[in-house]
Protein chains: 2
Amino acid sequence: MEQNVPKSGSKSRATSYDVARLAGVSQSAVSRCFKPGSSVSKKMRNKVMEAAKQLKYQPNAIARSLISRRSNLVAVLVSARLNFYYPEVLFTLTDRFNEQNMRVLLFTVEQESDVDDVLDQIWQYAADGVISASHLSLAQHKLLEERHIPVIMFNRYFDEHASNSVWCDTRDGATILIDQLLMFGHKNIALLHGPEDGMVGRERMVITKEILKNRGIDPVVESRGDYTYESASKAVQEIIEKAPHTTAIIAANDMMAMGAIDELRNVMGRKVPGDMSVAGFDGLGAGRFSSYELTTVRQPIGRMSDAAVNMLLKRVEDSELSMEKRVLAGTFLQGTSTGPVNLS
Amino acid sequence: MEQNVPKSGSKSRATSYDVARLAGVSQSAVSRCFKPGSSVSKKMRNKVMEAAKQLKYQPNAIARSLISRRSNLVAVLVSARLNFYYPEVLFTLTDRFNEQNMRVLLFTVEQESDVDDVLDQIWQYAADGVISASHLSLAQHKLLEERHIPVIMFNRYFDEHASNSVWCDTRDGATILIDQLLMFGHKNIALLHGPEDGMVGRERMVITKEILKNRGIDPVVESRGDYTYESASKAVQEIIEKAPHTTAIIAANDMMAMGAIDELRNVMGRKVPGDMSVAGFDGLGAGRFSSYELTTVRQPIGRMSDAAVNMLLKRVEDSELSMEKRVLAGTFLQGTSTGPVNLS
DNA sequence: TTGAAAGCGCTAACAA
DNA sequence: TTGTTAGCGCTTTCAA
């Protein structure tokens, strides 16, 4: 009865059989030695590990995945346009997953239609879970549920459907931001929206308007950009044109706030915060550059990433766990891009 | 002779056997239908595809990898500290690989010691190739060679050892940059180095000094940062202190150049470019913000990524291909952070 | 504690 | 063109 042992001298990688033969034990014994928590005698373990080292043996994760039905692969979906300025999220997620002995399969998604292909790939590679920091339709989410692949949505959720998500609540931060603006004497406040399909920006602006309304204030004008620095120029021009007496702009994200500041200062020749106060949302690193010192509401990116990783891992271990939405509060970050209204 | 066919009604994923049974064909026929370029009759293909759709069958990439010895997985190594400002590279690489039907396994590496673990993972997951945009020692590179895993180094190479690498030659760009500085009347030029272990920054500064020397100029002072925005403050202070008559600073990267500009303008109250010209290297997006308009030498990131992907793919197909170093020229990018020397 | 044997889902000879 | 068969390298019962 022949074992299927590769001939020695083969240049391909060593298998557990090679190790077993060299150590004079069975192949299954080798397998056990590489599985934490299995019962192996010290003697056996030493023999096997010695042989393994000699052959530079490392278990083949692919073969393991096939039989154990656990790939230890996590798919992370990011959209370049949205996440371009948040590499921090991606890197933090990757670090945390690696610490947990999971590998990250990275997918970039530009449009919702790209997602379908990505979902197929996720299925084919038998990923244990998904973190989505990009678009994901309800139908796509349901498809993943159907396939019993846990998903954590980062910075998005569905109104009409339970899902696992990590979300930043900016209400408190925005309240402080706005109250300070009011204390500074601002009454003519303009809003710089993000793109229509941007959930995060929409929520931020909805909350901002609510808070303003509670203080008896309506925005003098509302303009729209697409989250990019460049898009702020036109939006600011529009604001100035439609409401020349605007003294403060609240932008849906930091990038547009920075674009607005630069348009005001460097193109229109106005002082910020002297002639116009500008605030944003996010807490971007670049917002701290001394050319901006942006007043903003910061997302606790690190803690949000941790939450996402932990939630996913738990659901990989126990697929019966019910959906959960974790909401972390954003915090007000004082900058010098906002200040007292100029009465001159 | 029983086939190992899962009982119908099983909730786990459909296999090629399930499809075969439903279509009334053999399992290998199903396999063929999903392999591009195999000879299958139209009738067969239709039957199989119909059954596959009905069962929502997708081939299991893990099982395929095991037998075909091709995982279609590419490991991409990035270092957060270095690549934080180059998400573009990572996203471009990922897009290109996905187009080529390869998946990206993302690894973040902070120190060279992290790399060893990552290399083990790469081996375990049988990645077809590696792109390294982070540290990779010669020994580590050799280990990959030994294991016949092709590697492409991004923005680095070994002096003493052949390797596949993609590199940006900044000499032409730097020459234009420097000649323009000289034409502007600058004679007291300071250098702002990157960290000692940063190969890219070192090369840039070596070339810069060479060009200056050819023009009969020695830097008045050389300072050092760690590539970050923040590190530029101290370095600039040092420059001003040691050589108060400095009129131009060339930084090893854009981030430090931007930090230098802000330190000069916003902390020290100097005019840029009036009192001091500042130039960098990279062509960072943020360098185009109107608060900076940085004069710089831009790396052709997109083309470099394409080159890396193509080189790797070729070597996955044909492991006998010899090493290759592809050098793309950086281009001078005119900004307003440099200008005529102030004679007042 | 150890070994024998089955089989994860697929591809790839080979034969028909 | 199609089906049969033998594994890929591992984990996991089940006996011993």
Side-chain angles (χ1 to χ4, degrees), chain A residues 1-7 10 12-48 51-52 55-72 123-126 128, chain B residues 1-7 10 12-21 23-48 51-52 55-73 123-126 128:
Chain A
M1 194 169 285
E2 275 205 308
Q3 297 250 20
N4 56 347
V5 178
K7 5 181 206 318
S10 152
S12 62
R13 69 188 288 166
T15 72
S16 54
Y17 277 99
D18 301 329
V19 177
R21 209 166 33 123
L22 183 61
V25 300
S26 76
Q27 179 270 334
S28 46
V30 176
S31 173
R32 272 187 216 104
C33 289
F34 281 88
K35 176 177 175 165
S38 13
S39 65
V40 203
S41 70
K42 246 199 175 95
K43 201 170 150 193
M44 165 75 85
R45 165 157 280 130
N46 287 339
K47 269 196 298 188
V48 169
L55 295 175
K56 293 178 186 165
Y57 169 78
Q58 304 254 92
N60 181 327
I62 301 271
R64 169 182 292 163
S65 304
L66 188 57
I67 183 85
S68 67
R69 281 135 191 302
R70 263 273 246 149
S71 62
N72 285 321
W123 184 236
Q124 291 185 21
Y125 275 90
D128 292 334
Chain B
M1 194 170 284
E2 275 206 306
Q3 297 251 20
N4 56 347
V5 177
K7 8 181 205 318
S10 152
S12 62
R13 70 188 287 165
T15 72
S16 53
Y17 276 100
D18 300 328
V19 177
R21 209 165 33 122
V25 301
S26 76
Q27 179 271 334
S28 49
V30 176
S31 173
R32 270 187 217 104
C33 289
F34 281 89
K35 177 178 174 163
S38 24
S39 65
V40 203
S41 70
K42 249 200 174 93
K43 201 171 150 193
M44 165 76 85
R45 166 156 280 131
N46 287 339
K47 268 197 298 189
V48 168
L55 297 174
K56 292 179 187 162
Y57 170 77
Q58 303 256 91
N60 181 326
I62 301 271
R64 169 184 291 164
S65 303
L66 188 58
I67 183 84
S68 67
R69 281 137 190 303
R70 265 273 247 149
S71 63
N72 286 321
L73 252 27
W123 183 237
Q124 292 185 19
Y125 276 89
D128 292 334

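Just so you know, these numbers use all the heavy atoms, side chains as well, and skip hydrogens, waters and symmetry mates. A, B, ... follow the sequence lines: proteins, then strands. Residue 1 opens every chain. Remember, it's a predicted structure, so these values are computed and weren't measured experimentally.
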OH of Y125(A) versus C1' of dC8(C): gap in Å, rounded? 17 Å
Whole Å only: how far is the CZ atom of R69(A) from the P atom of dC10(D)? 18 Å
Are OP1 or OP2 of dT1(D) and a side-chain N or O of R45(B) less than 4.0 angstrom apart? no
dG9(D) C1' sits how many Å from Q27(A) CD, rounded? 8 Å
Between P59(A) and Q124(B) the two heavy atoms that sit nearest each other are O-CG, 3.4 Å
Look at Y17(B) and dG3(D) and indicate whether a side-chain polar atom (N or O) is within less than 4.0 Å of OP1 or OP2. no
Side-chain heavy atoms of R13(A) within contact of W123(B), under 4.5 Å: yes
Rounded distance (nearest 0.5 Å) linking atom CZ of R64(A) with atom CZ of R70(A): 11.0 Å
Give the nucleotide from the list dC8(C), dC10(C), dC8(D) with an atom nearest to the side chain of Y57(B). dC10(C)
Measuring only between side-chain heavy atoms, which start at C-beta, is V25(A) closer than 4.5 Å to V30(A)? yes
How many Å lie between NZ on K43(A) and P on dG3(C), as a whole number? 11 Å
Interatomic spacing from CG in L55(A) to OG in S16(A) - rounded to 0.5 Å: 11.0 Å
The side chain of R64(A) is closest to which nucleotide in this list: dT2(D), dT11(D), dC8(D)? dT11(D)
Just the rounded figure in Å: distance from P of dC10(D) to CD1 of I67(B). 14 Å
Ranking S26(A) and P59(B) by the position along DNA chain C of their nearest nucleotide, the one closer to 5' is S26(A)
Measure from CG on D18(B) to P on dG9(C) and round the result to the nearest Å. 9 Å
Interatomic distance, CZ@R21(B) vs OG1@T15(B), rounded to 0.5 Å, equals 8.5 Å
OP1 or OP2 of dT2(C) less than 4.0 angstrom from a side-chain nitrogen or oxygen of S41(A), does that happen here? yes
Give, ordered by number, those residues of residues 29-39 of chain A having at least one heavy-atom distance below 4.0 Å to an atom of DNA chain D; if nothing qualifies, reply none. S31(A), R32(A), K35(A)
Any side-chain heavy atom of V19(B) within less than 4.5 Å of one from V48(B)? yes
Given the structure, check if the side chain of S28(A) and the base of dA4(C) hold any donor-acceptor pair shorter than 3.5 Å. yes
L66(B) CG - dC8(D) P separation (whole Å): 9 Å
Is the shortest side-chain N/O distance from S16(A) to OP1 or OP2 of dG9(D) below 4.0 Å? no
For R21(B) and dG9(C), give me the distance from atom CZ to atom P, rounded to whole Å. 13 Å
